[in-house]
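Comments concern the structure below.
Below, chains carry the letters A, B, ... as their sequence lines are ordered, and counting in each starts from 1. Nothing here was measured: the structure is a model prediction, and the numbers come from that model. Heavy-atom basis, side chains included; hydrogens, waters and symmetry copies ignored.
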Amino acid sequence: MPELPEVETTRRGIEPLIVGKPVVALDVREKRLRWPVPAQLQALIGLPISAVRRRAKYLLLDNERGSAIIHLGMSGSLRVVATSVSPQRHDHVDVVFDDGTCLRLRDPRRFGAVLWSRQPLRHKLLRSLGPEPFDLEFDGAYLRSRARGRRAAVKAFLMDSRVVVGVGNIYASEALHAAGIHPRRPAGRVSQARYEALCEAVREVLSQAIGFGGTTLRDFASPDGEPGYFRHALAVYGRAGEPCLHCGHTLRQETIAQRSSFFCPLCQR
DNA sequence: ATGGTCCCCTGACCGC
DNA sequence: TGCGGTCAGGGGACCA
């Protein structure tokens with residue numbers, strides 16, 4: 001489900017509701033997520049949450065001992081609710097605060113994860129991640145140099161979290177369309193000038209999506225229960241057979257690197 | 001290193 | 001209304 005805009009929307013939603021609140025208990029009703037929820041998560045108990053950070057699509061709940069690392073996978077969402085509200089099916093984990101509220105993780109497909117690390121940025125899952133799309137080092141020259149010699153499709157390259165983080169299947173299609181680059185073009189055969197356009201397109205698409213509260217295709221909801229409204233602004237994703245908003249040619253859907261990809265065969269080259 | 005494939009799991013949707 | 005097939009926003013693990 002969530003790409004960077006949805007995770008950032010979630011972060012912004014929960015941050016003001018949980019920072020500074022002491023954790024008094026955990027309720028792990030289902031520990032079989034992508035990896036078992038570890039006993040070390042107990043390190044949350046007894047101290048306040050000091051910050052809610054995001055790195056790539058990971059959310060970090062900090063206290064002075066370390067961080068809970070939360071990934072929402074394909075179907076995860078977080079809400080802050082009164083602890084008295086009965087958990088629904090697939091509500092797997094509650095982080096319970098001292099004011100009668102809790103942070104509740106729902107994840108029907110259980111592709112998500114809740115882990116603990118004293119130094120999360122050095123955790124195996126986070127230490128090899130590429131730059132954030134809004135970092136200064138992420139630019140056309142950077143993309144060009146990372147792509148040199150690579151024959152994989154540029155769409156797969158753009159979705160490789162060692163290259164840049166946070167660009168998932170929706171926004172990869174959208175950014176490539178905005179930049180006029182064919183998703184199947186080998187990454188090593190895209191010019192620096194076009195990578196500069198792609199870099200700008202990624203930032204534009206992601207920041208617009210954050211402004212709309214993310215994209216809800218079927219079930220994403222932000223912590224306040226609102227869907228994301230960027231779906232209505234998608235130019236290509238999910239629009240196969242419909243006209244390109246740029247040139248009018250019929251949009252195509254093809255599978256590239258095991259993922260559905262949407263593009264205009266006329267204005268993307 | 002790079003690229004390709006498979007898989008974890010549940011739910012929604014579509015055609016019959 | 002039921003049933004089977006297909007697909008889904010992520011990404012680690014494994015293979016050549």
Looking across every strand, which nucleic acid part, if any, lies under 4.0 Å from [X] by heavy atom: base, sugar-phosphate, or nothing?
X        : value
A/Arg34  : base
A/Arg231 : nothing
A/Gln253 : sugar-phosphate
A/Tyr171 : nothing
A/Phe157 : nothing

Paired with A/Arg29, the salt bridge (Lys or Arg N to Asp or Glu O under 4.0 Å) test is passed by just one of A/Asp94, A/Asp91, A/Asp107, namely A/Asp94

Does [Y] offer a backbone N or O that forms a donor-acceptor pair with the side chain of [X] under 3.5 Å?
X        : Y        : answer
A/Arg65  : A/Leu47  : no
A/Ser67  : A/Asp62  : no
A/Gln40  : A/Ser117 : no
A/Tyr229 : A/Gly211 : no
A/Arg109 : A/Ser75  : no

Per nearest nucleotide of DNA chain B, the residue lying toward the 5' end, A/Ala257 or A/Arg32, is A/Ala257

Who pairs with C/dG9 - Watson-Crick or G-U, where each distance is under 3.5 Å: none

Pairing partner of B/dC9, by Watson-Crick or G-U wobble and under 3.5 Å for both distances, is none

Taking atom P in both B/dC9 and C/dC3, what distance in whole Å separates the two? 23 Å

Which whole number of Å gives the distance between the P atom of B/dA1 and that of C/dG11? 22 Å

[X] side-chain N/O to [N] phosphate OP1/OP2 under 4.0 Å:
X        : N      : result
A/Arg162 : C/dG11 : no
A/Arg151 : B/dT2  : no
A/Lys124 : C/dG11 : no
A/His71  : C/dG12 : no
A/Ser260 : C/dA8  : yes

Rounded off to whole Å, could you give me the [atom1]-to-[atom2] distance for the [X] and [N] pair?
X        : N      : atom1 : atom2 : result
A/Leu234 : C/dA8  : CG    : P     : 15 Å
A/Arg259 : B/dC7  : CZ    : P     : 15 Å
A/Arg106 : B/dC9  : CZ    : C1'   : 15 Å
A/Leu125 : C/dG10 : CG    : P     : 16 Å
A/Ile170 : C/dG10 : CD1   : C1'   : 12 Å
A/Met159 : C/dG12 : CE    : P     : 12 Å
A/Glu254 : C/dC7  : CD    : P     : 15 Å
A/Trp35  : B/dC8  : CH2   : C1'   : 10 Å

Centroid under 5.5 Å and tilt under 30°, A/Phe111 to C/dG11: no

Given A/Phe263, which of A/His177, A/His246, A/His249, A/His182 fulfils the ring pair (Phe, Tyr, Trp, His ring centres under 6.0 Å) condition? A/His182

Hey, does the side-chain of A/Arg110 have a donor or acceptor N/O within less than 3.5 Å of a partner on the base of B/dC9? no

From B/dC9, C/dG10, B/dG11, nucleotide with atom closest to A/Asn169 side chain: C/dG10

Would you mind telling me which of B/dG4, C/dG10, B/dT10 lies closest to the side-chain atoms of A/Lys57? C/dG10

